[in-house]
**Student:** 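Below is the structure I would like to discuss, written out as structure tokens.
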Amino acid sequence: MARQTKIDALPDPVKAWLDDALAENNFSGYQLLSEELKTRGYDISHASVHRYGQKIEKRMAAIRAATEAAQMLAKNTPDQSDELSASVIRMAQSELFDVMVDLQEAEAENDPAKRVKLLSRAALAISNLARAKVIHRKWQDEARARTEAAAASAEKIARKGGLSPESVDALRREILGIVE
């Protein structure tokens with residue numbers, strides 16, 4: 001695990017103030033923020049505030065991009081077969097893959113035990129995502145089977161009721177979500 005910075009050690013209200021101030025100042029004015037921290041009793045260099053600000057800005061940009069991607073998917077992808085959930089899982093897997101690559105390439109952690117611990121946590125996160133994908137796929141298969149059974153049942157009822165073969169076929173396609 002990486003060494004705790006002075007900013008990481010700030011009390012939560014001070015850290016929340018710093019996060020808000022960074023966002024309000026559009027991730028600039030690090031010298032002024034460092035001076036304000038000093039007036040509050042925390043001696044933190046503007047370089048440290050700058051590094052922290054860059055990290056927060058990068059996280060916010062990633063969250064913003066993921067949110068925009070999810071909104072775009074929700075707007076443009078019909079969710080009849082839960083494609084949106086599958087897309088979100090794929091995006092999360094991609095993100096975790098990037099984390100794994102970063103961990104492998106990072107030479108910042110020289111302690112093998114700590115490095116193994118970091119890799120173990122990342123592997124656990126990926127395992128949880130893979131499990132979520134299996135559960136999601138199982139849910140899709142079950143939903144598909146229920147839909148097929150409902151379509152077959154509706155087809156039988158419609159035929160008994162004297163519906164024309166074309167109407168029965170149209171009813172079945174509507175239930176199954178098939179668009180011509």
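Values in this document were obtained by computation on a predicted structure and should not be read as measured data.
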**Student:** Do the side chains of Arg172 and Glu148 get close enough for a salt bridge, i.e. N-O under 4.0 angstrom?
**Tutor:** yes

**Student:** Can you give me the closest heavy-atom contact between Thr147 and Ile175, atom names plus distance?
**Tutor:** CG2-O, 3.4 Å

**Student:** Cluster partners of Leu163, using ILVMFWY side-chain heavy atoms under 4.5 angstrom, listed by chain and number?
**Tutor:** Val168

**Student:** Please report the C-alpha distance between Glu142 and Arg137 in whole Å, then the side-chain angles of each, then the deciding distance to 0.1 Å, and finally whether the salt bridge (Lys or Arg N to Asp or Glu O under 4.0 Å) criterion is met.
**Tutor:** CA-CA 9 Å; Glu142 290 171 357; Arg137 198 168 281 156; over 6 Å; no

**Student:** Please list all pairs passing the ring-ring contact (aromatic ring centres under 6.0 Å, His included) test where one or both residues lie in residues 29-53, with sequence neighbours left out.
**Tutor:** Tyr30-His50

**Student:** Mind listing the closest non-hydrogen atom pair of Gly53 and Leu22 along with its distance?
**Tutor:** CA-CD1, 3.9 Å

**Student:** Test Glu155 against Arg159 for salt bridge (Lys or Arg N to Asp or Glu O under 4.0 Å), laying out the working first.
**Tutor:** CA-CA 6 Å; Glu155 187 177 341; Arg159 287 188 197 280; 2.9 Å; yes

**Student:** Can you give me the closest heavy-atom contact between Lys55 and Asp8, atom names plus distance?
**Tutor:**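 Lys55 and Asp8 have their closest heavy atoms at NZ-OD1, 4.4 Å.
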
**Student:** Among all residues two or more places apart in sequence or in another chain, which pass the side-chain contact (heavy atoms from CB on, under 4.5 Å) test with Lys156?
**Tutor:**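 So Lys156 forms no side-chain contact (heavy atoms from CB on, under 4.5 Å) with any residue.
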
**Student:** Restricting to non-hydrogen atoms, name the atom on Ser34 and the atom on Ser45 that form the minimum distance, rounded to 0.1 Å.
**Tutor:** OG-C, 3.5 Å

**Student:** So which atom in Lys38 and which in Ile44 form the shortest heavy-atom distance, rounded to 0.1 Å?
**Tutor:**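 Looking at all heavy atoms of both residues, the shortest contact is CE-O, 4.4 Å.
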
**Student:** If you define the side chain from C-beta out and look only at heavy atoms, does anything of Leu37 sit under 4.5 Å from Asp43?
**Tutor:**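 No, side chains not in contact.
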
**Student:** Can you tell me how far apart CD (Glu57) and OG (Ser28) are? Round to the nearest 0.5 Å.
**Tutor:**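 Answer rounded to 0.5 Å: 9.0 Å.
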
**Student:** Provide the closest heavy-atom pair for Ala21 versus Leu33 in the form atom of the first, atom of the second, distance.
**Tutor:**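 Nearest heavy atoms, Ala21 then Leu33: CB-CD2, 3.5 Å.
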
**Student:** Could you walk me through whether Lys15 and Asp12 pass the salt bridge (Lys or Arg N to Asp or Glu O under 4.0 Å) check?
**Tutor:** CA-CA 5 Å; Lys15 196 170 177 184; Asp12 289 341; over 6 Å; no

